[in-house]
Student: 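Sharing a structure, written as structure tokens. Questions coming.
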Amino acid sequence: MVLLYETVNLVFFVMCSLEYYEDGTVSLCSVPRCCALAMAFRAVNSRRHIGLQQLSSLAWAGRTLLGPVKSCKFVVDESTNESMLICSAVRLMESLDLTSAAGQLLNETIQAQNKEFKTGMSTLLFLVGAWSNAVLECLQQNVPVSAIVSVMSEGLDSCCEKVQCLQISVHDVNKELCSSSVRPRTSESNISQIPCDSSLNHQIFLYFQKGISASEELVPRNSCFPQEADCKFYKGLVWPLASFGSVASLVRSVDDKSTSVISGSDVSASICKQKILTHSRYFSTVAKSPVSSHLRDSQVHLSEQSAYTCECYGLGHLAMALSHGNEPSVKLLRSIVAYQHERAECSGSSQFSIAEIATCCLPGLPESYSCVCPGFITLVSPEQATVTKYFQDRSLWILLMDGDLTEQYRHLGFTKPRNVKTVLEYPSLQEGGSRDSWLSNALDILVRLEVNLVLVKGTVCENLMERCIANNILVISCVTQNVLSAFGEVTGAQPVTYLAQLNAACLGSGVWVELWKGCDERAMELGQLVPVRIKVQRIPLLTAVLTTTVASKMQLIEDQFWTFVYRLHHALKDGKVFLGGGAVEFLCLSHSQMLAEQSSKLTDKNAVKEFHSPQLAASASEYRAVVLQALATGWNQYLSMVICNTAKAASEFEAHTLIDHHLQKAADCGSPSAYVLKEFRRGDMFRGGSIPFTDSEEGVKVYDNVTAKMEAWRRALDLVLLVLQTDAEIIIGPRRSQLLNSHSSSEFMFL
Amino acid sequence: MSRLEAKKPSLFTSEPLTTVSQPLSLLIAILKSCYGPAGRLKQLHNGVGGYVCLTSQSSAILGRLSVSHPVLKVLTASVQNHASRFSDCGLFTAILCCSLIESFKNLNIASCTVIKVSKHLLSLCTDYLKSEACACRVSVDFSNLETLLCLVRSILISKPACMLNKTEVDYLTVLIVKAFMFTVPCHPEAKPVLGKCITVPVKGRRVLDSAVIPGLLIEAPEIQFAKLFSVKRTCSDTVKVAVFCVSMSGDLFDPEEGTVTVHHRVSLEMSELDQLLNVGKQLVNDEVGLVVCQKVIHPSLKQYLKDNHVVAVDRAGLSVMEPLSQVTGSKPIASIYSLSPSCYGSLKEVCAKSFASKHFVHLIPNDTVVCSLILCNRNETTWDELKRVCETAEHVLQLTLKEPLALLGGGCTETHLASYLRQKICCLSTSSFKDVDCSQTQYQLIADAFCRSLESVACSLSHDDGEILTDTVYGHCWLVPSGFPSVSNWSDLLLKCGCGINSSTKDLSWRHLRPFFGSSPIESCPKQPSVKVADFMTLDCFAAKYNGLQVAVETANLILDLSCIIEDQN
């Protein structure tokens, strides 16, 4: 794999990889820089710790993935010439060379975060880099390793404690968000003057048609108030969605058919970076234009009509606040929430269940075709589509299989007998009898029990697939476990491993299949494949259909969708959220700087005594200030990188100035947490001084996960400290003899 | 075609100690740098992107390290043997042994004399440690948790690769002691056997999510899809349990060699499955409610059991087999051809439990000495290290139960023993030198080397070039953080000694351990500090350290005694 970065990135990567090969004593048979080489050990370990350098250079590759506005990376596989857009740290890790021990540990850490939370990986990656650099700085200043370790981890613990005041319970957030959306805006007296009728909407629609470029002003402006617009609309679920937010859906609600003209991809393509920012949790620029104010008014009007009581089911607004700029997914998630809420009312099950969501990727369709449908949507071959058509409007019998549907497949843990010879006493007339007998046997069973539809977890034998199609049996392979169990639950089907196990009691009934139709009510074909929809009455399973015309973006869209889904999931699980928009990190920065200042002033021995390990108390007090400042540097770099990524500041210098400005104000205020809270309420933290605010309008409140975020910090710091404490790599296994004979054997020591 | 190769002649090496210096100093450097709470970590990996083991534990390092020098093989083997028996104090043993070899080698005294004297010195140490007068040991009071907590906490803190902060250390300390308490039988008269604590891995979670649950947890991912979990009970309101340690996956016995010829209409697989279903039928008839299999159960059998409301759990793994039979009183069934009802066990209750994202079957016995420690840590590398540490802690608690003593940690025992020896040999009578056939000077030299080896273990605790001192009153070990200039009034700078029992007092006088300035013999025997067990004391397992000391000295003696090595090169 070769990674193509934006130019700056590329240059740097080459630079840093040179740097790390230059002192490339990465693999050693034993202690490389240890007492045996006392002087060399010093030089390498205390000044330029190789492991930390490796971490820092790897992490640098992911810096543009930070924040709500990410720059995608284009990964090209040299061997197949396939390319893919990536936008997450996990995908980046998949494409990087991670054979070094530090790289392995980094990968393991990011995978662990991904497995647990599905969010926060970019934060983790960036902080690993930032803190590695900061720790290297400390080493330069001869701070002992033990002091760095103890002060850094205590500093982070202290920060985590401090930011608890920025947690808000999900309940409170909902109350606030929902009430703010219901409350009529008294500041706008002209509501009644603008009639909200179809002609106005038609005008708006025409405006859209005339020039997309003009709508650049519109889109961000409007999207600052999405929560007001469309709570009501999505109760009815399954709305075709446009990628650019509530305007499109507003228009569509009036003039349904014509919206397909506004292609989501067109709009999103024409929105420049600066404009996308307004969706971000970080920096909402509120641009002013007469059209936008009209638009807003009509929206408010609409919401007054429709949303006196908020009907986002307690989650719609929260989802918006957690979307972090992922506008298309907000719509999908709202549909999911609405559907699950409806079900929960009937069945009393939990409000948001992540296991009941599946995705189906349809590359080639415009993004406006994205939607959420109850049931399971998947791609099948045209032949299978013919079977599907045959089944239209018929209730079917379903079979679930939790293994492969092939002759050779055996359940896990089964060892095939060796040394068994089968003899034929009479020469059979049929050649290759056994295979055919399995096939016909399998088919017999399916036909006899009148199975119409088979969902298989693994792969399916091709010959059997053909025979099934000929017998009008629809077999679908590679179905995930949660889909299988959703069908099992609602149809009463019992998953089986072998067809031989099958009896009538294992089958489920009441399943319907049809060709999936997009918002234009047309069935479609994508390349060689046809999407079909399998549904059952009252099935809890929902499929989010993700579409894009750019095939290499598909993976990215799916990743982002799941990240968002999990963010909402974790917010509900935590029961609380953090104030977003950099508020938490800012408080961490100000807190760790304050701690650093305090400890540099502290010479009083008694105060030092409170510090954790008593032996180190004295030394810690000496180095505390330096190390805490290093911790603060990490936060500072994080904030400035986010500001730069969102193009809120033209340069890193400008970003630092902005942060310093806020730090100063926070310090003047006396209580930094109060300052952060106040700024968050006003909603203009880090929005920059360039755009003056004239009205006291509330922007989009942005929130973030609590546990996922703090865990990402902790994991990042743990990794850096683990690598910092490492003083030798020991190569074990067969490589030893290779190394012994290689020309680089002088770099190693052998035991 | 087979080829005959001439046998290589054996390799004879005389004076093996002459070639060991370089690899020995390398090994000693690796081990010393790992020692203690501030020890440095080692990344062990295969160099081509495989799993990285990040550790500072002797058992993990020595187990993976391939050592080629025969002398070092002897050394690592005896350290590993110690570690497998006692879990703790592996690094202490290894460092002490290496230091002894190094310093004895440089003495230029006949090895037989050195061995005799060091044996004598060892006996002085062991006698002292066993005696009531020993000032570096504390007795463990099981009615008071504080000492036990100190013991466990010291072990957790000593391995930095676990990445625990203070809260996590405290939390886990309590948890481990709690888990240990569960394994102590309530009525030891009836069955004086300690139970077992099973570690259930949950990687990726915070340490603070760890928990201890009495009874046995067996992972069963399929449970989550079972809507209602209920288990069949016998008339006496217990759950009958059958435990299989044989695979029930329906695969054939492996004939090893030769071939089995079967008629093409005969399916061995089918006949095997029929046999399994017969077993299933018998289990159902016998009113068994829960079937646990160490290996895999055939899906058809599972389906059959499920249809008959028998809960089947497979892939339980070897580690739960022993506690499983302890908990249920059942005998593991090793064959699917003979099923005796006497093999069944019983349980009070079986229920489904989910923890983190994992699903378990929870077996609750009537009277339990088995518990499950659900152990969490953020990623795999740190989890692996934490698991080793927790096992060590559990083992140490068991050893302490047998011998309720603990030694002062943080280097204090080592420096105290050295002070004790120095003082003791001053007042040895001349007859004792004659007993070991050496002059007083020789004895002094060897004893000095011995003491310095002990002290060098304590010195290994400091990794940032800080100074390390011992006081002349208690003989405890005091670490000075690096970066401080040498001052005369150490008492101002030092707050607590290594084990935490002494707070610095003005009237102490100091001696440098590193760099070593010759010692003036101490007038009196090192005293027992007046303060009794403090809250945050560092303690070491008595049994492990006592044995480690013996192993180190004896192994060093053995190695010094080597005169030649004969290696079979084939």
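Convention: sequence-line order gives letters A, B, ...; per-chain numbering from 1. Computation of the quantities below employed the complete heavy-atom set of this structure, encompassing side-chain atoms and omitting hydrogens, waters and symmetry-equivalent molecules.
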Student: Counting only heavy atoms closer than 4.5 Å, note whether A/D718 contacts chain B via side chain, backbone, both or neither.
Tutor: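 Both backbone and side chain.
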Student: Got a salt bridge between B/R378 and B/E168, using NZ or NE/NH1/NH2 to carboxylate O under 4.0 Å?
Tutor: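 Salt bridge present between B/R378 and B/E168.
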Student: When A/D727 is tested against each of B/K32, B/R40, B/K42 for salt bridge (charged side-chain N to carboxylate O under 4.0 Å, His left out), which residue passes?
Tutor: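 Passing option: B/K42.
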Student: So which part of B/L27 gets closer than 4.5 Å to some heavy atom of chain A, the side chain, the backbone, both or neither?
Tutor: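 Contact with chain A is through both the backbone and side chain of B/L27.
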Student: For A/Q725, which atoms come within 4.5 Å of any heavy atom of chain B: side chain, backbone, both, or neither?
Tutor: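 Both backbone and side chain of A/Q725 come within 4.5 Å of chain B.
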Student: Heavy-atom distance under 4.5 Å to chain A: side chain of B/L273, backbone, both or neither?
Tutor: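 Contact with chain A: none, neither part.
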Student: Do B/Y304 and B/H298 pass the ring pair (Phe, Tyr, Trp, His ring centres under 6.0 Å) test, and can you show the C-alpha distance, the side-chain angles, and the key distance before you say yes or no?
Tutor: CA-CA 10 Å; B/Y304 176 80; B/H298 194 286; over 10 Å; no
Student: Is A/S153 in contact with chain B via its backbone, its side chain, both, or neither, using a 4.5 Å heavy-atom distance?
Tutor: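 Neither the backbone nor the side chain of A/S153 comes within 4.5 Å of chain B.
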Student: Taking A/T726's backbone N and O only, do any of them form a donor-acceptor pair with A/H49's side chain (distance below 3.5 Å, no angle check)?
Tutor: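 Yes: the side chain of A/H49 pairs with the backbone of A/T726.
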Student: Under 4.5 Å heavy-atom distance to chain B, tell me which part of A/L717 shows up: side chain, backbone, both or neither.
Tutor: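 It is neither, since no heavy atom gets under 4.5 Å.
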Student: Could you tell me which of B/E380, B/Q22, B/H69 has the largest number of non-hydrogen atom pairs under 4.5 Å with chain A?
Tutor: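 The answer is B/E380.
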Student: I'd like to know which of B/S300, B/G250, B/P37, B/C53 tops the heavy-atom pair count under 4.5 Å against chain A.
Tutor: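 Top option by heavy-atom pairs under 4.5 Å: B/S300.
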Student: Mind ranking B/D314, B/L268, B/T381, B/L72 by heavy-atom pairs under 4.5 Å with chain A and telling me who comes out on top?
Tutor: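 Of B/D314, B/L268, B/T381, B/L72, B/T381 has the most heavy-atom pairs under 4.5 Å with chain A.
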Student: Run the salt-bridge test on A/K457 and A/D404 with the 4.0 Å N-O cut-off and return the result as yes or no.
Tutor: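 No.
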Student: Let's test your reading of the structure: which of A/L721, A/V143, A/L412 forms the most heavy-atom pairs below 4.5 Å with chain B?
Tutor: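 The residue among A/L721, A/V143, A/L412 with the greatest pair count is A/L412.
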Student: Please identify, among A/D402, A/L98, A/T497, A/L719, the residue contributing the most non-hydrogen atom pairs under 4.5 Å to chain B.
Tutor: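 It is A/T497.
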Student: Which bit of A/F414 is near chain B, if near means a heavy-atom gap under 4.5 Å: side chain, backbone, both or neither?
Tutor: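 Looking at A/F414, backbone and side chain both touch chain B.
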Student: Which bit of A/L156 comes within less than 4.5 Å of chain B, counting heavy atoms only: side chain, backbone, both or neither?
Tutor: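 Looking at A/L156, nothing touches chain B.
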Student: What part of B/L164 lies closer than 4.5 angstrom to a heavy atom of chain A: side chain, backbone, both or neither?
Tutor: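 When you check distances to chain A, only backbone atoms of B/L164 fall under 4.5 Å.
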Student: Write down the atom of A/F487, the atom of A/L400, and the distance for their closest heavy-atom approach.
Tutor: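 For A/F487 versus A/L400, the nearest heavy atoms are CB-CD2, 4.1 Å.
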Student: Sort out for me which of B/R64, B/Q303, B/K203 touches chain A most, counting heavy-atom pairs under 4.5 Å.
Tutor: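 That would be B/Q303.
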Student: Does any backbone or side-chain atom of B/L44 lie under 4.5 Å from a heavy atom of chain A? Answer side chain, backbone, both or neither.
Tutor: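 Its backbone and side chain both get close to chain A.
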Student: Would you name the heavy atoms of A/A505 and A/Q494 that are closest together and state the gap between them?
Tutor: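 Minimum heavy-atom contact is O-CG, 4.3 Å.
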Student: Checking the side chain of A/H570 only, and the main-chain atoms of A/T707 only, is there a donor and an acceptor separated by less than 3.5 Å?
Tutor: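 Not a single qualifying donor-acceptor pair exists.
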Student: Checking B/C499 against B/M537 for the side-chain contact (heavy atoms from CB on, under 4.5 Å) test, could you report, in this order, the C-alpha distance in whole Å, the side-chain angles of both residues, the deciding distance, and whether it holds?
Tutor: CA-CA 5 Å; B/C499 67; B/M537 259 177 53; 5.5 Å; no
Student: Kindly indicate, with the supporting measurements, whether the criterion side-chain contact (heavy atoms from CB on, under 4.5 Å) is fulfilled by A/H569 and A/K118.
Tutor: CA-CA 10 Å; A/H569 171 74; A/K118 295 267 190 308; over 6 Å; no
Student: Looking only at heavy atoms, what is the nearest atom pair of B/S462 and B/I468, with distance?
Tutor: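 Looking at all heavy atoms of both residues, the shortest contact is CB-CD1, 4.4 Å.
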Student: Does any backbone or side-chain atom of A/V149 lie under 4.5 Å from a heavy atom of chain B? Answer side chain, backbone, both or neither.
Tutor: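 Neither part, no heavy atoms under 4.5 Å.
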